[in-house]
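Right, one structure below, let's go through it.
Just follow the structure's listing: the first ligand is 1, and inside any ligand the first atom is 1.
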Amino acid sequence: MKLYGSFTSPYVRHCRIVLAQTGLECEFIETDAVASAELSPTKKVPFLIDGNLTLTDSVVILKYLREKAGQTFFPDMMDFERFAMVNTVMDATVNIFFLEKQDNIQVNDSQYLQRQQGRVESGLACLNQTVVTNKLPLSDGQLRLACFLDWGVYRQRINLAPYPALAELLTLANTDPLFTATAPPENP
Ligand SMILES: N[C@@H](CCC(=O)N[C@@H](CS)C(=O)NCC(=O)O)C(=O)O
């Protein structure tokens, strides 16, 4: 099994954590935008190749890994809802990030990006009200959220000061050695 991805992507990080949790054997292949454009029809990371099987989205990869390890993917409906909401907010934040970084398009230049930014803010406020946990291991919905929050802080896309429950979740996640071992590098 081979997982293709970057060390900075929060989507890839979630897969790397689940690989470490399950102990499944998998080679990690660092992949940049040029390589992912050649190797995956979605031109994104992560993607996973296992024999004849190619999986092109982290959601499917996570389900595949959990089930391969004999675990249930999302036994709890509301945790799945949290996971889906994080994906929506994270996709919007990543979209804003790439447009600024690659094309120098700022949120204020585009009505649609203002809508995306509004989605990030209302999503974070809602997620802040749904997070209640003080123990590890985190569920996949909580883990997804922690991967997103850490990436958002790392890329200076989000400020957790107005969201104390989210800040607490991130502090808790950082007590998990598998979470800290997969943190984005200081100088990507
Ligand atoms: N729905 C995808 C999203 C993955 C994604 O957005 N990956 C980013 C890296 S953080 C990417 O490869 N972006 C490249 C691009 O948008 O061109 C998943 O869950 O795997």
Side-chain angles (χ1 to χ4, degrees), residues 1-22 24 26-50 53-68 71 73-74 79-107 109-110 112-113 115-117 119-120 123-124 127 138-158 170 173 179 181-188:
M1 208 159 45
K2 290 180 179 162
L3 177 70
Y4 294 75
S6 68
F7 287 108
T8 49
S9 165
Y11 306 87
V12 175
R13 185 180 189 183
H14 193 172
C15 297
R16 289 168 63 215
I17 292 170
V18 171
L19 273 170
Q21 283 178 346
T22 55
L24 291 166
C26 186
E27 185 184 348
F28 182 76
I29 299 179
E30 194 175 0
T31 308
D32 62 12
V34 177
S36 67
E38 276 172 16
L39 295 170
S40 170
T42 63
K43 305 182 190 300
K44 290 192 179 199
V45 290
F47 55 95
L48 180 136
I49 300 182
D50 190 9
L53 183 72
T54 299
L55 305 178
T56 60
D57 192 285
S58 65
V59 180
V60 186
I61 294 170
L62 290 169
K63 178 173 163 65
Y64 183 67
L65 296 177
R66 288 271 182 231
E67 291 180 358
K68 206 176 172 73
Q71 301 172 1
F73 189 55
F74 286 110
D79 194 50
F80 192 34
E81 163 61 18
R82 177 189 292 117
F83 175 84
M85 189 181 291
V86 174
N87 287 344
T88 300
V89 174
M90 181 154 66
D91 287 347
T93 314
V94 168
N95 184 235
I96 293 168
F97 170 73
F98 276 124
L99 281 168
E100 274 189 27
K101 189 175 147 196
Q102 294 191 348
D103 296 334
N104 199 24
I105 295 172
Q106 311 297 318
V107 169
D109 298 335
S110 153
Y112 183 67
L113 285 185
R115 189 173 160 81
Q116 289 280 64
Q117 187 63 45
R119 178 174 288 123
V120 172
L124 285 171
L127 288 162
L138 299 181
S139 65
D140 272 317
Q142 293 161 344
L143 205 45
R144 188 65 156 196
L145 181 51
C147 289
F148 166 55
L149 297 174
D150 210 28
W151 176 85
V153 170
Y154 165 75
R155 291 296 196 192
Q156 299 178 320
R157 308 310 314 180
I158 55 179
L170 189 53
F179 190 77
T182 53
E186 297 222 337
N187 297 307

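With respect to atom 17 (O) of ligand 1, the closest heavy atom belonging to the protein is Lys43 O, 4.0 Å. Distance from atom 8 (C) of ligand 1 to its nearest protein heavy atom, with residue and atom name: Val45 O, 3.8 Å. Nearest protein heavy-atom neighbour of atom 20 (O) of ligand 1: Ser58 N, 2.8 Å. Among all non-hydrogen protein atoms, the one lying nearest atom 16 (O) of ligand 1 is Lys44 CE, 3.8 Å. Counting protein heavy atoms only, atom 10 (S) of ligand 1 is closest to Ser9 OG, 3.2 Å.
The aromatic rings of Phe73 and Phe83 sit perpendicular, their planes meeting at an angle over 60°, well past the 30° parallel limit.
Under 3.5 Å, the side chains of Gln21 and Arg66 contain a donor-acceptor pair of N or O atoms.
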(message) Could you go through Gln142 and Asp140, starting from their C-alpha distance and side-chain angles, then the distance that decides it, and tell me whether this counts as side chain to side chain donor-acceptor pair (under 3.5 Å)?
(response) CA-CA 5 Å; Gln142 293 161 344; Asp140 272 317; over 6 Å; no
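Residues that satisfy the salt bridge (Lys or Arg N to Asp or Glu O under 4.0 Å) test with Arg144, not counting sequence neighbours, are absent from this structure. Scored by the salt bridge (Lys or Arg N to Asp or Glu O under 4.0 Å) test, Arg82 finds Asp79 as partners (sequence neighbours excluded).
Thr42 places no side-chain N or O within donor-acceptor distance of the main-chain N or O of Ser40, the cut-off being under 3.5 Å.
Considering Tyr11, Phe97, Phe47, Trp151 only, the shortest heavy-atom separation from atom 3 (C) of ligand 1 involves Tyr11.
Close placement of the Trp151 and Phe97 rings is indicated, their centers lying within 6.0 Å of each other.
The Arg144 neighbourhood of ligand 1 comprises atoms 19 (O), with distances under 4.0 Å to a heavy atom of that residue. The atoms of ligand 1 that sit less than 4.0 Å from any heavy atom of Phe98 are 13 (N). Ligand 1 places these atoms under 4.0 Å from at least one heavy atom of Pro46: 20 (O).
Ligand 1 lies nowhere less than 4.0 angstrom from a heavy atom belonging to Ser36. Heavy-atom distances between Gln102 and ligand 1 stay at or above 4.0 Å for every pair.
A salt bridge does not link Asp50 to Lys2: none of the charged nitrogens lies less than 4.0 Å from a carboxylate oxygen. In summary, Lys44 and Asp57 do not engage in a salt bridge, as defined by a charged side-chain N under 4.0 Å from a carboxylate O.
Here Arg13 has no heavy atoms under 4.0 Å from ligand 1, in either its backbone or its side chain.
For the pair Asp91 and ligand 1, the shortest N or O to N or O distance does not fall below 3.5 Å. Some N or O of Asp57 is nearer than 3.5 Å to an N or O of ligand 1, by distance alone.
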